[in-house]
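Contents: one structure, followed by commentary.
Below, each value reflects all heavy atoms present in this structure, side chains not excepted, and no hydrogens, waters or symmetry copies. Residue numbers count from 1 along this sequence.
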Amino acid sequence: MVDAPRMLEGITIMHDEPLSHYTFTKTGGPADLLAFPKNVAEVRTLVESAREQHLPLTVIGNASNLIVRDGGIRGLVLILTAMNEITVNDNTVTAQAGARLIDTTEAAYRAGLTGLEFAAGIPGSVGGALFMNAGAYGGEVCNVISSAHVLTRAGEFKTYNHRELKFWYRHSIVQDTGDVVLSVTFSLKPGDKPAIRAKMDELNARRAAKQPLEYPSCGSVFKRPPHHFVGPMIQKAGLQGHIIGGAQVSMKHAGFIINLGDATATDYLDMIHLIQKTVKAKFGVDLETEVRIIGEPLQS
C-alpha cells in the first residue's frame, strides 16, 4: 500500500480503492490513492504533492469512455466530478471540468443558447469531452469550445484559446501535455428554446433506440475509420453477440461492448483484440480504439 503524502492532509484520500466503483463498465482494479478534489486549490495541492513525492498522477473525468485494467493504477488518481459548477454569461457557458456534459447542454438550453444539442446524451465530463474532442451526430465539442483553463503538471495555471487546443478527431493538446483541465468555456449562439429542446429530445431518442444504455459499457469502443462504419463491419465479421467472460458485443449496436454482470477489464480487452484481429483479416481495416485504456494488467 502507498501511504498518502504528507501534503494531502485535510483532503480525503482513499487507499486501494476499486475503480470499478466509478467506471461505466463497472470493471477495473484499484487505485493506490484516490482523491476527489472539491476546488482548484485542492487540485493544485494534489498535483504539487504528487510531483514532490514522485508519484504517478492520473486524472479521470466521468470514466464513461474508459477502461481501467484489472491491475489498477499506481500512484495518485484524481476524479474531478466534485468540481461541477456551470455558469452562463451572455452567449458563453463555462463549466468546471467535472461537470457532466449532459448537464452543460441543459444549462445552455435553459439560457436559450444553441450549439450543444449534439452533446445532449454524451455521458462524459466536460474535461473528458475536451480531452478527447468528444462528438456525436455530426457535432464535436471543438466547434463550440472557445477556451480552456488548465493546471500544468509543473503547477502553473494556463489558459488555452481555441487555436492552441489543437483539436482533431478525438484528440486535443491536453492528451500530449498531461495538463489537468479545470474549466472549459463554450461559445454558443442565441436560439429558439422549443427548437433546442426538440433537437435534444430527438437525439436522445435516437441514442436510446440504437445504443445499449441499459447495460454497463464504455461507450463507443472504436474510432470510425475512413470510408467504413464500425458496427456493420463487426456484424459482417460474425462477432455481434459474441461473449468473452462477462463481456458481450452488444446485440443492439455492435460498436459497443457491454458488461453482462461479471465482466473484467481483461474480458473487455480480449474482446477488443479479437474484434481488431477479425476485422483486419476480413476487411483489411485497422480499428483504432476510441476508448481510453489505462492502468496495469493483473499480476498472476
Side-chain angles (χ1 to χ4, degrees), residues 2 4-26 28-51 53 55-66 68 72-73 75-89 93-108 110 116 119 122-132 134 141 145 147-153 155-159 174 178-186 216 218-219 292 294-295:
V2 177
R6 178 171 45 82
M7 285 184 62
L8 300 186
E9 293 177 4
I11 301 173
T12 301
I13 301 294
M14 306 171 79
H15 294 257
D16 294 324
E17 176 70 5
L19 291 167
S20 57
H21 294 172
Y22 309 98
T23 61
F24 271 44
T25 61
K26 305 301 181 186
D32 286 344
L33 299 169
L34 176 63
F36 290 82
K38 300 181 293 296
N39 51 54
V40 170
E42 289 192 358
V43 173
R44 190 175 197 180
T45 295
L46 290 159
V47 169
E48 290 179 346
S49 181
R51 184 177 68 252
Q53 300 292 329
L55 283 176
L57 176 67
T58 303
V59 182
I60 293 176
N62 206 28
S64 59
N65 199 206
L66 180 74
V68 177
I73 300 177
L76 175 63
V77 176
L78 305 185
I79 295 181
L80 303 184
T81 49
M83 295 175 53
N84 55 18
E85 292 183 5
I86 302 169
T87 58
V88 179
N89 184 16
V93 176
T94 298
Q96 288 187 308
R100 296 194 315 160
L101 195 56
I102 289 171
D103 295 335
T104 308
T105 66
E106 290 290 339
R110 290 192 297 271
L116 265 177
I122 296 177
S125 67
V126 165
L130 179 141
F131 180 89
M132 67 173 295
V141 294
I145 289 176
S147 64
H149 189 51
V150 307
L151 179 68
T152 70
R153 294 298 177 103
E156 298 174 349
F157 293 112
K158 183 175 183 177
T159 299
V174 294
D179 297 332
V180 181
V181 180
L182 300 173
S183 64
V184 176
T185 296
F186 300 87
C218 57
R292 186 183 177 206
I294 60 176

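In this structure, G295 and I73 approach most closely via the heavy-atom pair CA-CG1, 3.9 Å.
Side chain of N84 to backbone of G98: no donor-acceptor contact under 3.5 angstrom is found. N39 places a side-chain N or O within donor-acceptor distance of the main-chain N or O of A41, the cut-off being under 3.5 Å. In terms of modelled atom types and a separation under 3.5 Å, the side chain of N62 and the main chain of G124 share no donor-acceptor contact. In this structure, the side chain of R44 engages the main chain of G155 through a donor-acceptor pair within 3.5 Å. Counting only distance, with no hydrogens or angles, the side chain of Q96 and the backbone of E85 share a donor-acceptor pair below 3.5 Å. The backbone N or O of T152 lies less than 3.5 Å from no partner atom in the side chain of E156, so there is not a single donor-acceptor pair. Judged by distance alone, with hydrogens and angles left aside, the side-chain atoms of S49 form no donor-acceptor pair with the main-chain N or O of T45 at under 3.5 Å. Listed for the R51 side chain is a donor-acceptor partner under 3.5 Å among the backbone atoms of R153.
With hydrogens and angles left out, the side-chain atoms of H149 and S183 include no donor and acceptor closer than 3.5 Å. Checked by atom type, the side-chain pair T94/T185 shows a donor-acceptor distance below 3.5 Å.
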Could you go through the side-chain contact (heavy atoms from CB on, under 4.5 Å) check for M83 and V40 one step at a time? CA-CA 8 Å; M83 295 175 53; V40 170; 4.1 Å; yes

Go through R292 and N65 one step at a time and tell me if the side-chain contact (heavy atoms from CB on, under 4.5 Å) criterion holds. CA-CA 6 Å; R292 186 183 177 206; N65 199 206; over 6 Å; no

Show your working on side-chain contact (heavy atoms from CB on, under 4.5 Å) between L46 and I13 and close with a plain yes or no. CA-CA 10 Å; L46 290 159; I13 301 294; 4.1 Å; yes

